[in-house]
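Heads up, the thing below is written out as structure tokens.
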Protein chains: 2
Amino acid sequence: MAEDKRLILLIEDEPQMRRFLRITLQGHGYRLIEAVAGEEGLTQAATRNPDIVLLDLGLPDIDGLEVTKRLREWTQIPIIVLSAREQEEDKIRALDAGADDYLTKPFGAGELLARIRVALRHTATQHGEEEAVFVLDNLTVDLVKRQVMLDNREIHLTPIEYRLLTTLIRHAGKVMTHSQLMKEVWGPVYVNQSHYLRIYMAQLRHKLEADPARPRFFINEPGVGYRLKVDFD
Amino acid sequence: MAEDKRLILLIEDEPQMRRFLRITLQGHGYRLIEAVAGEEGLTQAATRNPDIVLLDLGLPDIDGLEVTKRLREWTQIPIIVLSAREQEEDKIRALDAGADDYLTKPFGAGELLARIRVALRHTATQHGEEEAVFVLDNLTVDLVKRQVMLDNREIHLTPIEYRLLTTLIRHAGKVMTHSQLMKEVWGPVYVNQSHYLRIYMAQLRHKLEADPARPRFFINEPGVGYRLKVDFD
DNA sequence: AGCTCGCGTAAAAATGTCGTAAAAAATTCG
DNA sequence: CGAATTTTTTACGACATTTTTACGCGAGCT
């Protein structure tokens with residue numbers, strides 16, 4: 001079950017804080033990527049597409065505030081700031097720059113984990129104002145449990161497959177262009193590698209369509225992109 | 001404009017804290033409802049439909065934790081807990097019960113306001129669904145879904161056909177010259193290759209007109225260009 | 001009449017996209 | 001560390017779209 005492990009990007013330069021967080025987070029079932037500087041963090045965010053970012057404000061190269069703004073130019077991924085600065089002004093600036101939460105060091109591991117759960121809960125429910133469960137004919141996707149059911153049988157999807165599916169679900173009915181899908185699923189640096197799409201769309205069709213060669217759900221709009229068909233008139 | 005002011009529900013029993021928050025929040029353009037106990041707060045939340053809830057944990061009747069859980073049974077409205085309890089265990093319990101944020105008293109007004117903005121930002125991005133549908137007689141074009149319907153039947157258009165159609169729609173009723181159309185659909189390099197237009201205009205008429213030879217929508221203005229006719233007299 | 005010009009139509013050739021399979025590389029897990 | 005899973009790379013036939021090319025029609029002009 002690799003798809004239910006959330007990926008966390010930690011941008012932090014102090015080795016001993018990194019070590020503490022590595023143990024805490026991995027011990028609670030998260031996968032972790034680490035970056036020791038701002039630019040590196042931005043690159044990692046773009047290429048690895050994590051589920052959440054933990055960001056230290058005092059970085060060796062660029063300021064954490066700047067990292068927040070640069071991230072917010074293209075993604076709504078949750079950002080939790082971890083900082084030794086306890087001035088109210090610092091908190092306000094970070095939050096208004098786009099951070100979702102702000103913890104002052106030192107903080108307890110339990111509180112951090114709880115706030116991570118809050119942030120992840122947001123992304124889970126954010127795209128499902130109606131329901132956290134998406135139903136389309138014999139296909140059921142539980143966005144909270146990250147569980148995909150087909151005719152009441154659980155279907156295992158790889159992380160990318162699942163991400164692609166939920167991205168289509170979030171924009172159900174609408175055509176999504178190649179670059180939109182690439183940006184949301186693989187990250188913005190992969191925009192022109194759109195042949196990945198064909199491969200993973202084929203995987204989804206094989207796992208979820210009755211007749212993969214003649215898909216009912218995963219429709220291609222030639223030259224444009226794909227869409228999840230929801231209305232059968 | 002009272003309607004575009006966000007409505008905040010404050011559930012808090014201490015009069016002096018209520019007074020402080022009333023001044024702070026109303027001073028920053030929010031409308032405020034106050035409840036001094038848990039049950040009252042739950043009722044207010046259900047009847048007044050606020051945009052956000054500020055919740056004190058230490059209430060005279062039921063515990064703030066319980067209020068959080070009861071709210072979460074039916075609504076995803078942001079809850080920010082304000083509490084004097086600074087034990088980590090209290091924070092974790094509140095956040096896991098469904099609270100979105102937790103501030104320990106005493107807190108600065110600026111930080112509270114910033115965290116309110118964060119919470120409102122979350123709900124704002126959720127409802128980011130717009131509709132842009134163009135209707136002309138039995139023809140319907142959904143510009144968001146990129147879907148064209150004719151008599152409730154879906155019509156497939158190629159990328160160029162669709163771009164040509166939407167270009168005409170954007171200038172509905174007005175005549176567009178050959179070069180204008182060429183520029184917008186094919187790009188400025190193709191301005192003089194205007195015989196492409198005849199071919200694709202024919203395609204559109206075949207796909208969307210009842211009698212392609214005698215078009216009702218896609219009208220040629222000889223020597224000038226084409227226009228999409230919208231008014232039938 | 002004969003000619004030209006803009007328009008509509010039709011069918012080819014050329015180009016690019018899509019679906020598929022399968023091997024190589026990377027990552028995760030025990 | 002080695003096995004298993006997942007992602008990336010590579011290749012190719014089938015197909016859809018765009019572009020090219022060709023022809024017919026009618027209006028206006030000489």
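Side chains are part of it too, since the values below use all heavy atoms of this structure and drop only hydrogens, waters and symmetry mates. Below, read A as the first sequence line, B as the second, and so on, with proteins coming before strands; counting in each chain starts at 1.
- Proximity note for A/His178 (side chain, C-beta onward) versus C/dC29, C/dC18, D/dT6: the nearest is C/dC18.
- A close approach under 4.0 Å does not occur between any side-chain nitrogen or oxygen of A/His195 and OP1 or OP2 of C/dT20.
- Counting any heavy atom pair closer than 4.0 Å across all strands shown, A/Glu161 reaches no nucleic acid atom.
- If you check every strand for non-hydrogen atoms under 4.0 Å, B/Ile160 touches sugar and phosphate atoms only.
- Of the possible polar contacts, one joining the A/Arg18 side chain to the A/Asp13 backbone as a donor-acceptor pair under 3.5 Å is found.
- OP1 or OP2 of D/dT19 lies within a sub-4.0 Å distance of a side-chain N or O belonging to B/Trp186.
- Closest to the A/Ala202 side chain, of the nucleotides C/dC7, D/dT19, C/dT20, is C/dT20.
- Closest of all the heavy-atom pairs between B/Glu161 and B/Leu204 is O-CD2, 3.8 Å.
- A salt bridge does not link A/Glu221 with A/Lys174: every distance from a Lys NZ or Arg NE/NH1/NH2 to an Asp or Glu carboxylate oxygen is 4.0 Å or more.
- Heavy-atom nearest nucleotides on DNA chain D were determined for A/Gln203 and for A/Arg198, and the one closer to the 5' end corresponds to A/Gln203.
- Between A/Thr158 and D/dT7, a side-chain N or O to OP1/OP2 separation shorter than 4.0 Å is present.
- The side chain of B/Pro159 sits closest to D/dT18 out of C/dT28, D/dT18, D/dT6.
- Contacts of A/Tyr226 with the nucleic acid, taken as non-hydrogen atoms under 4.0 Å apart, involve only primed sugar atoms and P, OP1 or OP2.
- A salt bridge between A/Glu111 and A/Arg115 is present, with a side-chain N of the basic residue lying under 4.0 Å from a carboxylate O of the acidic one.
- Put simply, B/Tyr200 has a side-chain N or O that comes within less than 4.0 Å of OP1 or OP2 on D/dT18.
- Distances were taken from every side-chain heavy atom of A/Ile199 (C-beta onward) to each of D/dT17, D/dT8, C/dC29; the shortest belongs to D/dT8.
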